[in-house]
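All values derive from a computational prediction rather than experimental measurement. Atoms within a ligand are numbered from 1 in the order they appear, just like the ligands themselves. Side-chain atoms are counted along with the backbone in the values below, which use heavy atoms only and exclude waters and symmetry mates.
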Amino acid sequence: MFLQNIKVNGFGTFVLTFLVLFAFLATQCQGRSVNKPFDISRVRKEVQTYKDVANQIIDLSLRGAAQNQSYNRLADFTDKFGSRIAGSQNLENAIDYMLGELTKDGLENVHGEKAMVPHWVRGNESAVMLQPRFHPLPMLGLGGSIATPPEGIEAEVLVVRTFDELKKKANQAKGKIVVYNQIWVSYGVSVQYRSLGAAEASKVGALASLIRSVTPLSIDSPHTGWQDYQTNVTKIPTASITVEDAEMMWRMSQRGEKIVVRLKMEAKSLPPIESRNTVAEIRGSTYPDEVVLVSGHLDSWDVGQGAMDDGGGAFISWQALSLIRQLNLRPKRTLRAVLWTAEEEGLIGSQEYYNAHKSEASKFDLVLESDEGTFTPNGLIFGGSKNAGEVMAEVLKLLQPINASKLILGGAGGDISYFMQVGVPGGNLLNENQDYFYYHHTNGDTMTVEDPHQLNLCSAVWAVIAYTVADLDDMLPRDTTLRFKPAFIG
Ligand SMILES: *[C@@H]1O[C@H](CO)[C@@H](O)[C@H](O)[C@H]1NC(C)=O
Ligand SMILES: *[C@@H]1O[C@H](CO)[C@@H](O)[C@H](O)[C@H]1NC(C)=O
Ligand SMILES: *[C@@H]1O[C@H](CO)[C@@H](O)[C@H](O)[C@H]1NC(C)=O
Ligand SMILES: *[C@@H]1O[C@H](CO)[C@@H](O)[C@H](O)[C@H]1NC(C)=O
Ligand SMILES: [Zn+2]
């Protein structure tokens, strides 16, 4: 999960774009009950007719021939390819493999859709504390960072907790390495030290910056992630260090001890390369041009195996279609799985996909993404109109047998944000992901974090929601009430 707000060119532009697009969608999007007012009791009765099929899906995934299938497929994949950073040949090989597997699984219209993606390469890197004592610092350069000079940067450290403190101590920052020892609040709040830390340190004359890893729990492991330089601000090298080392240097600085660190990084940004979003479908029987989209991202950071972020989300999206295919079901609308590329560099693949498909936005019934873990599922975080929320609440009741009926209204995001910002209803998997950030963007993000039963449950949730919505008589209602904020939940 990348989890930073999408930048829009000013709120006014965003609102205007939304209104224009919404007016367009309102004229285009007419369900099968044209002229009939929305009637929740009719929808409720219709949704209840899906109880049997929902139970068949659940049974196939939890107890039937597909038991542990998504786990086994994900294990084969992550063990074979390991981490898959955008720009790497390894990611492209992994995409080729997926195109083959999705085809072998009997899915339809399997293909890649081109997207140009950043190509950042870490290279060798190290950080060592030289004073007050010698201590190697486990570290990971942040995505997009520049290199240090070949001999490294050796400088005194200024430790701060906040950007405000940095501004107050601006006159002490020149020529130093700034270490941010920010307190963990939540991912959404604390991640700003990763995304903006280098630019803010550069503004006060620092030579480099190190951030305390953005995580609530650490066993001395650094967490990487993308960071953003700012226009007209000198780029400086930047990396993550462990919570333990950031706190230690904070304590040393509180004692007035002089801290010296040597940082060496060989990171470089190469020209963008052509990658692909991976697409597979079950074509709709009646309205094949209308689409319910399920998704996760196939790329990962260049550490660990990218099993949790976001192998799990990508593979339950494949599994949702696979379960429907194994039951020989074909909904009225097309079910489409999209495995995004280059999510980690800032939702790059999904943005290209949106740009290529925005003229069809009125035909997108529902967009789903799982990118916050595939632990025990509870339901869905949903953004859409009030009436769409009422329909989804009925659909979620089909998941009562596995306790995954909870619907949280008001926000969803990630790669599906582009469609949601023009009024397409969207949702993220709600799951017991309180441990998610322990592993996020580290070497610890491996198959060991994943659990076969949890993946069976998540796959069933994804399949039941996607199939039912794709097969209802009408598309989900849209109205002028924007019921979500395009925020990213962490
Ligand atoms: C699925 O995984 C569970 C937990 O590891 C195991 O107990 C069960 O035997 C597995 N089922 C199959 C069909 O392999
Ligand atoms: C890292 O350094 C080692 C030895 O110092 C060298 O063999 C290797 O090629 C370097 N790797 C990269 C990516 O530059
Ligand atoms: C960056 O600097 C150039 C040249 O001074 C200026 O024209 C431009 O507006 C600046 N951009 C930003 C975002 O400040
Ligand atoms: C659902 O929750 C109930 C009550 O907490 C529990 O007894 C049941 O085992 C749960 N079912 C599943 C499939 O997790
Ligand atoms: Zn992710």
Identity and distance of the protein heavy atom lying nearest [atom]:
{"atom": "atom 6 (C) of ligand 2", "result": "N124 ND2, 4.1 Å"}
{"atom": "atom 8 (C) of ligand 3", "result": "N232 ND2, 3.7 Å"}
{"atom": "atom 13 (C) of ligand 2", "result": "G123 CA, 4.0 Å"}
{"atom": "atom 14 (O) of ligand 2", "result": "E266 OE1, 3.4 Å"}
{"atom": "atom 4 (C) of ligand 1", "result": "P452 CG, 4.0 Å"}

Is R73 positioned over the aromatic face of W318, cation under 6.0 angstrom from the ring centre and no more than 45 degrees off axis?
-> yes
Under-4.0 Å protein heavy-atom contact, atom 2 (O) of ligand 3 | yes
Answer yes or no for atom 11 (N) of ligand 1: protein heavy atom present at a distance under 4.0 Å?
-> yes
Hey, are [X] and [Y] close enough for a salt bridge, meaning a charged N less than 4.0 Å from a carboxylate O?
{"X": "R84", "Y": "D299", "result": "no"}
{"X": "D164", "Y": "K169", "result": "no"}
{"X": "R122", "Y": "E266", "result": "no"}

T231 N/O under 3.5 Å from ligand 3 N/O | no
If we only count heavy atoms from C-beta on, is the Y467 to L323 side-chain gap below 4.5 Å?
-> no
Output field: ring centroids H453/Y71 closer than 6.0 Å = no
Is the centre of the F163 ring less than 6.0 Å from the centre of the Y180 ring?
-> yes
Q67: heavy atom below 4.0 Å from ligand 1, yes or no?
-> yes
Run the numbers for me: atoms of ligand 1, each under 4.0 Å from some heavy atom of N68, listed by number.
-> 1 (C), 2 (O), 3 (C), 8 (C), 10 (C), 11 (N), 12 (C), 14 (O)
